[in-house]
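Presented below is the structure to which this report refers.
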Amino acid sequence: MTATEPRRTEPVVALRFEAGTLWALDQTLLPFQELELRLRSAGEVAEAIRRLAIRGAPLIGVAAGYGVALELARDPTPGTLERACRLLVDARPTAVNLSASVTRVRAAALEVGTEGIAAAALAEARAIHSDEQDASAAIATHGAELLAAAGAVLTHCNTGALAAPGRGTALAVVAELWERRRLRQVLATESRPLLQGSRLTTYELSRLGIPHRLIVDSAAAGLIAGGSVDAVIVGCDRVAANGDVANKVGTYGLALAAEAAGIPFVVAGPTSTIDLACPTGAEIEIEQRDPEEVRRALGQPLTLPDTSCLNPAFDVTPAALVTALVTERGSARPVGAESISRLKRI
Ligand code: MRU
């Protein structure tokens, strides 16, 4: 790996709303094919979220907001509003951004009469999109200040522009560190079973010209213990009121390894990912996905067809293991009920 001149390329655009249509890069096809899906109803958006064509906590929130607006453009009635909201909220359970965004668009739509309901929903969906874009930029700055001394970082899953508007969350911090010329290398985990690290994070890091190496998930603890990493930085799908963090399965193990090695374990995400209604991580619903995802990799069978598998998509890292939570409003450090509530209520 050779370090090159930091170069700033435009981040990939995962989602755009144009002329009454939501266009979404189909992330199941990356990095081999860059193909946009044309989505025209809440049902199509919900399906794209369910099969992870659109994924990442902030991005599914933004997409769901547009999903409600698309449905109201077809039928601007309160009944349709309720049906669309339910359909979208049910698409995936763990990331709070999904229900938070739908709740926000629903409230905006209910404030106006039938005549303006579709326009009000679309305006709110656009506002959420723009808020998340601004949040990404602020997270990058705060995170880079916090990790200013880090030369080598390890990240998990995909948290870049494919996962959140703008430059993403944890990967936005990584990109900012690279631009500040301190960062030398990024270790990216594969993130089995769906390989968001292999397929998506390396794709984004390559586009940005950031030196990186892909590792299998099981190599992470040893590399952290051996001193190859100065800090671990990941995203989040839901942060409970006490600071416990739900994120891609495998995150908890990385936090334990970081704690044992005495290096920072930093979580980055917008305040829209904080759920004060969820007291602790124990109350966060963990999505259980199809065991077939474990039995296969990129569609190819890895096991006998009847192999019994467990496939939790996320795990919960206790607040005590999180060095800092970086948001667009600054950082919670230490992470706990008081610092989390302060950030959420600013
Ligand atoms: O199942 P995914 O790919 O949607 O999981 C995504 C993650 O776990 C990310 O780390 C999280 O959503 C933060 S994205 C900025």
Side-chain angles (χ1 to χ4, degrees), residues 11-12 14-15 24-28 30 46 48-64 91-101 131-133 135-140 143 154-175 188-201 203-204 217 232-239 245-255 265-275 281 284-290 293-294 311-317 322 325-328:
V12 59
L15 212 62
L25 206 51
D26 185 343
Q27 300 193 28
T28 64
L30 289 173
I49 291 172
R50 247 191 313 271
R51 67 181 189 86
L52 270 57
I54 302 172
R55 48 150 297 282
L59 201 78
I60 62 177
V62 172
R92 291 188 80 187
T94 304
V96 71
N97 309 65
L98 187 57
S99 53
S101 182
D131 288 351
E132 293 293 11
Q133 206 143 350
S136 168
I139 288 168
L154 183 143
T155 191
H156 188 50
C157 194
N158 170 265
T159 60
L162 291 167
R167 288 202 283 170
T169 59
L171 219 61
V173 175
V174 168
T189 57
E190 284 185 307
S191 318
R192 269 282 289 156
L194 294 178
L195 300 164
Q196 288 93 332
S198 314
R199 297 185 302 104
L200 309 177
T201 300
Y203 166 80
E204 289 204 50
D217 297 319
V232 174
I233 180 156
V234 298
C236 46
D237 286 81
R238 191 181 298 236
V239 179
V245 172
N247 190 48
K248 180 53 57 194
V249 67
T251 300
Y252 178 37
L254 296 174
F265 177 83
V266 173
V267 175
T271 49
S272 56
T273 308
I274 298 174
D275 182 6
I284 299 176
E285 185 183 346
I286 300 297
E287 179 182 6
Q288 304 294 323
R289 292 187 63 88
D290 188 346
E293 293 177 350
V294 181
N311 189 16
F314 301 95
D315 60 24
V316 173
T317 299
V322 182
L325 171 71
V326 181
T327 74
E328 75 279 17

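Throughout, numbering of the chain's residues begins at 1 and tracks the sequence. Atoms within a ligand are numbered from 1 in the order they appear, just like the ligands themselves. Computed from a predicted structure; not experimentally measured.
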Just by distance, do the side chain of Arg199 and the backbone of Leu194 share a donor-acceptor pair under 3.5 Å?
yes
Please say which of Gln196, Arg55, Gln27 ends up in a side chain to side chain donor-acceptor pair (under 3.5 Å) with Asn158.
Arg55
Exactly one of Val234, Thr251, Asn247 should register a side chain to side chain contact (heavy atoms under 4.5 Å, CB included) with Thr317. Which one does?
Thr251
Does any N or O in the side chain of Thr94 come within less than 3.5 Å of the main-chain N or O of Glu285, such that one atom is a donor and the other an acceptor?
yes
Does any part of the side chain of Val62, heavy atoms only, come nearer than 4.5 Å to the side chain of Leu15, both counted from C-beta?
yes
SB check Asp26 Arg51 (cutoff 4.0 Å)
yes
Atom pairs and distances, ligand 1 N/O vs protein N/O under 3.5 Å:
residue, atom, partner, partner atom, Å
ligand 1, 1 (O), Arg92, NH1, 3.4
ligand 1, 1 (O), Arg92, NH2, 2.8
ligand 1, 1 (O), Lys248, NZ, 2.8
ligand 1, 3 (O), Arg55, NE, 2.5
ligand 1, 3 (O), Arg55, NH2, 3.3
ligand 1, 3 (O), Gln196, NE2, 2.9
ligand 1, 4 (O), Gly56, N, 3.1
ligand 1, 4 (O), Arg92, NH1, 2.8
ligand 1, 8 (O), Asp237, OD1, 2.9
ligand 1, 8 (O), Asn247, OD1, 3.2
ligand 1, 8 (O), Lys248, N, 3.3
ligand 1, 10 (O), Asn247, OD1, 2.7
ligand 1, 12 (O), Ala57, N, 2.9
ligand 1, 12 (O), Asp237, OD1, 3.2
ligand 1, 12 (O), Asp237, OD2, 3.0

